[in-house]
Amino acid sequence: MVSLIGPDLQQRRRRWQFAFFLLFLFAPILNLFRFDLTETQLWVLGFRWSLGIDALMSGQVSPTQAGIGLILKGLLPIVVIVATFLAVAWRYGRLYCGWLCPHFSVVEMLNQLLHRAIGKFSLWDRHVTRRRDAHGQLGDPDLRWWPVFLAACLLMGFVWAITLLSYLLPPARLWQHLWQGMLTPGEARFLVIGTAVFTTEFMLARHLFCRFGCAVGLFQSLVWMA
């Protein structure tokens with residue numbers, strides 16, 4: 001696999017990926033973006049985000065004020081975000097996937113670990129691609145990297161499961177339950193099933209998900225091809 005990106009641009013891309021990965025992990029903890037199922041409340045940038053429907057039902061605002069709030073806080077942000085996303089995809093293709101997507105940054109990391117173990121970037125590759133070391137010498141696969149690859153898949157599967165759950169439940173309470181070993185049955189089931197599903201996906205189908213299962217990536221491709 002030969003990179004078409006220069007080393008400086010590649011390093012910049014790695015920094016963007018790392019920064020966005022941290023944002024993905026800490027956004028619910030900092031209430032930057034999450035939907036709390038316990039309160040039926042959307043949080044955006046640290047503030048409670050409301051469309052004003054509850055205020056309308058309680059008579060605190062008029063229907064006109066509620067309609068304006070619905071447009072400004074609901075419809076307009078969605079239109080701006082979608083239009084910006086489509087414009088960037090039309091001009092640059094799958095820019096989000098290569099520079100920001102947390103899933104793809106993990107995919108690239110797992111690719112490198114698997115390549116060190118068996119000389120392939122995927123279990124489904126037919127041919128071995130020998131890896132060059134820091135001195136430019138061709139190296140042979142080393143099966144000692146297999147446990148590292150499997151452990152990384154399991155770790156990332158758990159990180160994905162608990163991060164996604166923290167977008168739906170209060171993160172502080174979730175982590176407290178986990179730390180104290182007092183997870184509710186629902187939390188435990190989600191973490192076990194989610195970790196199993198994501199670990200399997202990272203091991204066997206991470207490329208297939210990026211290519212066919214990710215709606216964000218698919219729409220970027222369709223817009224760019226248009």
Side-chain angles (χ1 to χ4, degrees), residues 17-51 53-54 78 81 96-97 100-114 116-118 121-124 143-219:
Q17 285 180 320
F18 181 71
F20 202 81
F21 187 83
L22 292 180
L23 178 63
F24 167 71
L25 295 181
F26 288 100
I29 298 175
L30 300 176
N31 286 331
L32 297 179
F33 182 81
R34 69 182 182 91
F35 184 80
D36 194 329
L37 290 178
T38 61
E39 298 180 344
T40 318
Q41 176 64 56
L42 177 65
W43 288 82
V44 179
L45 300 179
F47 297 97
R48 296 175 181 270
W49 193 268
S50 175
L51 297 179
I53 297 178
D54 292 338
I78 293 176
I81 292 173
Y96 171 81
C97 295
L100 299 177
C101 178
H103 181 273
F104 187 70
S105 62
V106 173
V107 167
E108 288 189 320
M109 182 267 291
L110 295 176
N111 285 349
Q112 296 302 319
L113 294 178
L114 186 62
R116 288 177 178 271
I118 63 175
F121 294 98
S122 169
L123 293 175
W124 315 116
L143 293 179
R144 289 177 297 182
W145 282 93
W146 254 115
V148 180
F149 169 74
L150 296 176
C153 289
L154 179 60
L155 175 62
M156 288 296 102
F158 174 75
V159 168
W160 240 246
I162 194 168
T163 301
L164 292 182
L165 187 58
S166 67
Y167 276 87
L168 302 175
L169 298 178
R173 189 188 72 179
L174 175 62
W175 281 100
Q176 182 181 15
H177 288 178
L178 179 66
W179 180 257
Q180 297 177 348
M182 300 175 56
L183 291 171
T184 66
E187 293 170 345
R189 281 194 298 269
F190 186 97
L191 291 180
V192 171
I193 296 174
T195 299
V197 170
F198 284 117
T199 299
T200 303
E201 187 263 334
F202 282 133
M203 289 176 56
L204 304 176
R206 57 188 182 277
H207 301 96
L208 295 177
F209 175 81
C210 287
R211 187 174 300 176
F212 303 110
C214 178
V216 176
L218 180 61
F219 275 106

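The structure presented is a predicted model; accordingly, all values stated were derived computationally and were not measured. Excluded from the calculations below are hydrogen atoms, water molecules and symmetry mates; all remaining heavy atoms, backbone and side chain alike, are included.
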Could you grab the distance from atom [atom1] of [X] to atom [atom2] of [Y], nearest 0.5 Å is fine?
{"X": "W175", "Y": "S166", "atom1": "CH2", "atom2": "OG", "value": "8.0 Å"}
{"X": "L204", "Y": "F209", "atom1": "CG", "atom2": "CZ", "value": "14.5 Å"}
{"X": "L154", "Y": "M156", "atom1": "CG", "atom2": "CE", "value": "10.0 Å"}
{"X": "F158", "Y": "T163", "atom1": "CZ", "atom2": "OG1", "value": "8.5 Å"}
{"X": "L191", "Y": "L174", "atom1": "CG", "atom2": "CG", "value": "6.5 Å"}
{"X": "L45", "Y": "L32", "atom1": "CG", "atom2": "CG", "value": "6.5 Å"}

Give me the atom names and distance for the closest heavy-atom approach of [X] to [Y].
{"X": "R34", "Y": "P28", "answer": "CD-O, 3.4 Å"}
{"X": "R173", "Y": "L169", "answer": "NH2-CD2, 4.1 Å"}
{"X": "L143", "Y": "P147", "answer": "O-CD, 3.8 Å"}

Mind checking whether [X] and [Y] have side chains closer than 4.5 Å, heavy atoms only?
{"X": "W145", "Y": "V148", "value": "yes"}
{"X": "Q17", "Y": "L100", "value": "no"}
{"X": "F33", "Y": "L42", "value": "yes"}
{"X": "P102", "Y": "F20", "value": "yes"}
{"X": "R206", "Y": "L110", "value": "yes"}
{"X": "M182", "Y": "E187", "value": "no"}

(message) Just to verify, what does W146 make a ring-ring contact (aromatic ring centres under 6.0 Å, His included) with, not counting sequence neighbours?
(response) F149

(message) Apply ring pair (Phe, Tyr, Trp, His ring centres under 6.0 Å) to residues W43 and Y167 and explain how you reach the verdict.
(response) CA-CA 10 Å; W43 288 82; Y167 276 87; over 10 Å; no

(request) Just do the side chain to side chain contact (heavy atoms under 4.5 Å, CB included) check on L123 and I118 with the steps written out, would you? (result) CA-CA 9 Å; L123 293 175; I118 63 175; 4.0 Å; yes

(message) Please verify the inter-ring angle class for F21 with W160; under 30° counts as parallel, over 60° as perpendicular, anything in between as tilted.
(response) tilted

(request) Give the intermediate values and the outcome of side chain to side chain contact (heavy atoms under 4.5 Å, CB included) for residues L178 and I162. (result) CA-CA 10 Å; L178 179 66; I162 194 168; 3.3 Å; yes

(message) My understanding is that only residues two or more places apart in sequence, or in another chain, count here; which of them pass salt bridge (Lys or Arg N to Asp or Glu O under 4.0 Å) with R48?
(response) E39

(request) Check for a donor-acceptor pair, side chain of Q180 on one end and backbone N or O of H177 on the other, with a separation under 3.5 Å. (result) no

(request) Say whether, by atom type as modelled, one donor and one acceptor occur between the side chain of T195 and the main chain of V192 under 3.5 angstrom. (result) no

(request) With sequence neighbours excluded, tell me which residues meet side chain to side chain contact (heavy atoms under 4.5 Å, CB included) with H207. (result) V107, N111, S122

(request) Would you sort out whether E201 and H103 count as a side-chain hydrogen bond (donor to acceptor under 3.5 Å, both in side chains), showing the intermediate values? (result) CA-CA 11 Å; E201 187 263 334; H103 181 273; 2.9 Å; yes

